[in-house]
Amino acid sequence: MESIPKAQHQVPTALLHPSKWLYMYEDFVTKNASSVGQVESALRSLTYIIPGRYRDSEVPSECVHSVVQLLSLYHDSLVSRVIARLPPTIPRPTPTPHSRYTKYWVSHSQLYHKVAVILRMIQYTELLWEMIARRRGEKVRWRVVVFVEISKALCRLLLLRLTNSRPLVSPPLPEREADPRTQDEEGEWNKAETPEAERSLDMNWTMPRTGLSLPSLPDVNDVSNYLISKVLTADDIKPPAALLHRIAGQGQLAEVLYILRPVIYALALQRWSGNKRSWRPWLIGFGMEYGCRQLARKDCRERIAGGLRGLTALEREELRKRGWAMGWWFMRGAFYQNVTKQWLKALIGKMKGKPLLDLIGSIVEDYEYLWDTYYFPTATL
């Protein structure tokens, strides 16, 4: 009996305190952010290849994909937390307008941060829930699809309210930043490999009192590009909240309808689920999205000085994303069943037996099972 307390004292302290395991894991992720990102990308690529190849592996594969995405979301928060604690003397890359805007709302509104995280978690697991529900029947599957779309729409409407009626951005959270310390290490490594004559031009002078460093002089042959890179644009000096104009009237109506469009489209698919070739759900969904886009563009022309030319860089980027996302309507509903599916089969048939093209055709053929069977693989909102 006396040996039991001694054995407990011999157990490492970290094993008795799970919080220390969590701290060690967080410390490892933050110190090896680039390596962790490469592992995440490799696992995502693996889950992209498996679906459809083995019919019984779709749920385990999607489960791995969802876990990787959720871990990536957690790792993003860890890296951003570490970068925020770095001293201001460490130079940081210029943030993108999307990063500036989302960081502002994440830091100024805890509710925005929580709702945005919940929205991303739903998006990362939506296909997994649909796959699980499908095993219990088509009625259960469509109920789950509609419930998920309603949940996402409520989150987006709340984000629209929290940002004082500003259009939504995708994604609603800032993307993972590169650790500036790793860039400094890579820079030192590159300097060690460069000749002494070139290295002398890249040396920075650190001021002894403040610790700030003066940038090195540019190459005499590249002075114009150097000066252009230092020019500030109007978006660079705007407050983060001003990177998106507030909307009202028909612009707000267009944004609300754009948020509700997936719910109405899912309800229409549920209503006519017995006939996959029916054009009514597709026309309702596509008509709503196209109408919302035209209404928003009309509102921009009438409300913003300069019309579409007066849009900020972030607004133009979001408008371009939504325009490209409309291309997924070729892979949805009746258009896919009546047009795209036959075209893909003919294209895959031509690729068979040809090097490299045969591999691409087999991957497309594997994903055809997901596009034909499930709703969320072609969902963009």
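Atoms considered below: every heavy atom in the structure, side chains included; atoms not considered: hydrogens, waters and symmetry mates.
With hydrogens and angles disregarded, no donor-acceptor distance shorter than 3.5 Å links the side chain of Ser72 to the backbone of Val68. Under a 3.5 Å cut-off, the side chain of Arg297 and the backbone N or O of Cys292 do not form any donor-acceptor pair. In this structure, the side chain of Arg166 engages the main chain of Thr163 through a donor-acceptor pair within 3.5 Å. Thr312 contributes a side-chain N or O that, together with a main-chain N or O of Glu315, makes up a donor-acceptor pair within less than 3.5 Å. No side-chain donor-acceptor contact under 3.5 Å links Ser61 to the backbone of Glu58. Remark: the backbone N or O of Ile122 is not paired with any side-chain donor or acceptor of Lys152 at under 3.5 angstrom. A donor-acceptor contact shorter than 3.5 Å is absent between the side chain of Glu149 and the backbone of Val146. Judged purely by atom type and a 3.5 angstrom limit, Ser66 uses its side chain to pair as donor or acceptor with the backbone of Tyr124. In this structure, Thr378 contributes its side chain and Trp328 its backbone to no donor-acceptor pair below 3.5 Å. With hydrogens and angles ignored, the 3.5 Å screen pairs a side-chain donor or acceptor of Glu318 with a backbone N or O of Ser170.
With sequence neighbours excluded, no residue satisfies side chain to side chain donor-acceptor pair (under 3.5 Å) with Ser273.
Leu267 and Val145 end up in different hydrophobic clusters when Ile, Leu, Val, Met, Phe, Trp and Tyr side chains are linked at under 4.5 Å. Both Leu111 and Leu173 are part of a single hydrophobic cluster, where members link through side-chain heavy atoms under 4.5 Å apart. Cluster annotation: Val115 is connected to Leu260 through the hydrophobic network of ILVMFWY side chains, with a link wherever side-chain heavy atoms come within less than 4.5 Å. In the hydrophobic clustering of this structure, Val59 groups with Phe376; members are Ile, Leu, Val, Met, Phe, Trp, Tyr whose side-chain heavy atoms approach within less than 4.5 Å, directly or through other members. Hydrophobic cluster membership is shared by Leu70 and Val117, with clusters built from Ile, Leu, Val, Met, Phe, Trp and Tyr side chains linked at under 4.5 angstrom.
Rounding to the nearest 0.5 angstrom, the gap separating the CG atom in Leu295 from the CG atom in Leu253 is 6.0 Å. Met331 contributes atom CE, which lies 4.0 Å from atom CH2 of Trp371 (distance to the nearest 0.5 angstrom). Considering CG of Leu308 and CZ of Arg301, their distance stands at 5.0 Å, rounded to 0.5 Å. Interatomic distance, OG1 of Thr96 versus CD of Glu175, reported as 7.0 Å (0.5 Å rounding). Taking CZ of Arg134 as the reference point, atom CG of Leu127 lies at 11.0 Å (rounded to 0.5 Å). With rounding to the nearest 0.5 angstrom, the CG atom of Leu244 is 9.5 Å from the CG atom of Leu168.
Pairs of residues two or more places apart, or lying in two chains, never qualify as ring pair (Phe, Tyr, Trp, His ring centres under 6.0 Å) while including a residue from residues 339-364. Counting only residues at least two apart or in different chains, side chain to side chain donor-acceptor pair (under 3.5 Å) contacts with residues 104-117 comprise Tyr101-Trp105. Residues in residues 248-268 take part in these side chain to side chain donor-acceptor pair (under 3.5 Å) pairs, two or more places apart or across chains: Ser165-Gln252, Gln250-Glu302, Glu255-Arg322, Arg261-Glu289.
Across Ile118 and Cys155, no two heavy atoms sit closer than the pair CG2-SG, 4.2 Å. Summarising the geometry of Ile304 relative to Gly310, their closest heavy-atom pair is CG2-O, 3.8 Å, with the distance given to 0.1 Å. Contact record, Leu243 with Pro97: CD1-O, 3.5 Å, taken as the closest heavy-atom pair. The minimum heavy-atom distance between Phe330 and Gly327, with the atom names listed, is CD1-O, 3.0 Å. Taking every heavy atom of both residues into account, Asn164 and Arg246 meet most closely at O-NE, 2.9 Å. The heavy-atom pair separating Thr102 from Pro171 by the smallest distance is CG2-O, 4.0 Å.
Atom CH2 of Trp272 has more than 12 neighbouring heavy atoms from other residues, nucleotides or ligands inside a 6.0 Å radius. Residue Met121 qualifies as open at atom CE: its count of foreign heavy atoms under 6.0 Å is 12 or below. Residue-environment remark: NZ (Lys352) stays at or below the threshold of 12 foreign heavy atoms within 6.0 Å. The environment of OH in Tyr74 is crowded: more than 12 heavy-atom neighbours from other residues, nucleotides or ligands sit within 6.0 Å. A 6.0 Å sphere centred on CZ of Arg136 holds no more than 12 heavy atoms belonging to other residues, nucleotides or ligands. Applying the 6.0 Å contact sphere to CZ of Arg81 captures more than 12 heavy atoms from other residues, nucleotides or ligands.
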Verify side-chain contact (heavy atoms from CB on, under 4.5 Å) between Arg332 and Thr380, making sure each step is shown before the conclusion. CA-CA 11 Å; Arg332 295 180 188 149; Thr380 55; 3.1 Å; yes
side-chain contact (heavy atoms from CB on, under 4.5 Å) between Lys276 and Asp372, worked out: CA-CA 10 Å; Lys276 287 186 176 182; Asp372 192 27; 4.2 Å; yes
Please evaluate residues Gln270 and Lys139 with respect to the criterion side-chain contact (heavy atoms from CB on, under 4.5 Å), reporting the C-alpha separation (whole Å), side-chain torsions for both, the decisive distance (0.1 Å), and the verdict. CA-CA 8 Å; Gln270 183 185 31; Lys139 289 186 178 180; over 6 Å; no
Intermediate values then yes/no, side-chain contact (heavy atoms from CB on, under 4.5 Å), Arg156 and Leu381: CA-CA 10 Å; Arg156 291 190 175 96; Leu381 193 62; 3.6 Å; yes
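Contact check for Lys238 versus Leu314: no side-chain heavy atoms found under the 4.5 Å cut-off. Between Lys103 and Pro240, the closest side-chain pair of non-hydrogen atoms is not below 4.5 Å. Between Lys345 and Thr340 there is no side-chain heavy-atom pair separated by less than 4.5 Å.
Side chain to side chain, Glu317 and His98 fail the donor-acceptor criterion of an N or O pair below 3.5 Å.
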Quick one: side chains of residues 277-287, donor-acceptor pairs under 3.5 Å with protein atoms, not counting sequence neighbours, listed by atom name and distance.
{"residue": "Arg277", "atom": "NH1", "partner": "Gln337", "partner atom": "O", "Å": "3.3"}
{"residue": "Arg277", "atom": "NH1", "partner": "Asn338", "partner atom": "OD1", "Å": "2.8"}
{"residue": "Trp282", "atom": "NE1", "partner": "Trp329", "partner atom": "O", "Å": "2.9"}

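Ion pairing of Arg141 with Glu130 is present here, as a side-chain N (NZ or NE/NH1/NH2) and a carboxylate O approach within less than 4.0 Å.
Clustering of Ile, Leu, Val, Met, Phe, Trp and Tyr side chains at separations under 4.5 Å leaves Trp324 isolated, with no partner residue.
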